[in-house]
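See below for the structure under consideration.
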Number of protein chains: 2
Amino acid sequence: MSTSTLTKEEAILRGALQEFLEHGYAGTSMDKVASSAGVSKATVYSHFQDKEHLFIALIDQFTEQRMAVFLGLSQDSISENQFQEANSTHELKTGLKQIALSMIHEVSEDEFILPFMRLLVAESGRFPNLGKTFLTHMELRGLNVISEYLSSYPHLKLKDPEAVARIFVGSLVHYMIVQEMLHGKEVIPMEPERLVDSLVDLVVTQAENKK
Amino acid sequence: MSTSTLTKEEAILRGALQEFLEHGYAGTSMDKVASSAGVSKATVYSHFQDKEHLFIALIDQFTEQRMAVFLGLSQDSISENQFQEANSTHELKTGLKQIALSMIHEVSEDEFILPFMRLLVAESGRFPNLGKTFLTHMELRGLNVISEYLSSYPHLKLKDPEAVARIFVGSLVHYMIVQEMLHGKEVIPMEPERLVDSLVDLVVTQAENKK
DNA sequence: GTCTATAAAGAGATAGAC
DNA sequence: GTCTATCTCTTTATAGAC
């Protein structure tokens, strides 16, 4: 899909994405959005009531897009792991490790995710629905994927798979917030494998011992 | 310490704290800082070069203050738990649970921590030193406290206590980000005890099984 | 140091021509 | 729908009096 086929509205949303992700809500001017989109400011206002509506429309669109991508990915992850259904703890470990590393990989590959999360955290105080929408559409789905994956292994009799899913996802998200968003790589470095190995160990070890 | 004994500079920093925490960096005007501090704008500029320097000075001061409080707290936590040095896994569980719950409690008690973390995440892209300072002065210390606490229990032969400390702290921080900052309480609720119990179980269970 | 007043630039939003 | 030009208010920052 080339730039020349963009409608004005798509161009505006694309320009808005770039500006809002880079400068935040208050730090973004409608002038910059317009010039980044290659249209006039009046055109922006002919498509979107005001700055706030543009912002919300942008976040909604972005969340929806990412959700589609994410759903595709998690489908893949599940089916990749489902043909290994011999359910040894070794395979569970491999599966969990793969899921964790691919989560980390996906975030470092995608140039938009980190600034988007930054914006989400920054503005969910003033725009509470931003956080809620993200959580119900993205986070909850991610938690369910992990939770069901954990529950599907009979050896792993977890008391509370939903809570463990939060721990699993939370450890990884926090790791990325610290390492990437707060520049922890430079001041408190830790290789992804170290975190992931310990995480998978904590979740799976008890199953090994009960064997 | 009453308001009347504040120097102008202290008053400015206090006003700046309120405004920046509530409206973010770009969303805060020097006019509002001045009026919130009860001084004129020119006075603000006589103490601080410009908005950026004021902001950085504020964050540094706040980080230093909190660090002092935090160091006091973690001293307490450690000594509270050190007289229980009979090191049964039951006591380890109790100690970890207490640490986790007091972390969560502390955050919900303190009206400044959440907005501060929001601001930190929001602005550490444009001000990388914000994140780095926070991590070296606060996060790293917190991780070390947990890490040393974990290492101090002989039954718990963790391969990598530092990584486990990240998982421990990360799960809790992520939980608070989701529940409090992104308003997860209202859309994907989960009681603190559920998370903490599972977390402590994951960390300690393997020690129980090796007993 | 501290104030009032103001300069100079940038912001959100709209009018009016095409 | 789309543009240029503009209105109006707010912003950062400073000049000058006390």
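Hydrogens, waters and symmetry mates play no part in the numbers below; they use all other heavy atoms, side chains included. A note on names: the letters A, B, ... follow the listed sequences, proteins ahead of strands, and every chain is numbered from 1. Just so it is clear, the structure is predicted and the values come from calculations on it, not from any experiment.
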Rounded distance in Å - CD1 (I12(B)) to P (dC3(C)): 9 Å
R166(B) and Q179(A): side chain donor to acceptor below 3.5 Å: yes
Plane angle bin for F127(B) and Y25(B) - parallel if under 30°, tilted between 30 and 60°, otherwise perpendicular: perpendicular
Residue pair F112(A) / M117(A), side-chain heavy-atom distance below 4.5 Å: no
Donor-acceptor under 3.5 Å (K8(B) side chain, V44(B) main chain): no
Side-chain N,O (S40(B)) to OP1/OP2 (dT4(C)) below 4.0 Å: no
V39(B), nearest nucleotide to its side chain (from dC3(C), dG1(D), dG1(C)): dC3(C)
d(CG, L54(B); C1', dA13(D)) in whole Å: 13 Å
E180(B) side chain near Y175(B) side chain, heavy-atom distance below 4.5 Å: no
Under 4.0 Å protein heavy-atom contact, by nucleotide of nucleotides 12-18 of chain C - B base, S sugar-phosphate only: BBBB---
More than 12 heavy atoms from other groups under 6.0 Å of CD on E64(B): no
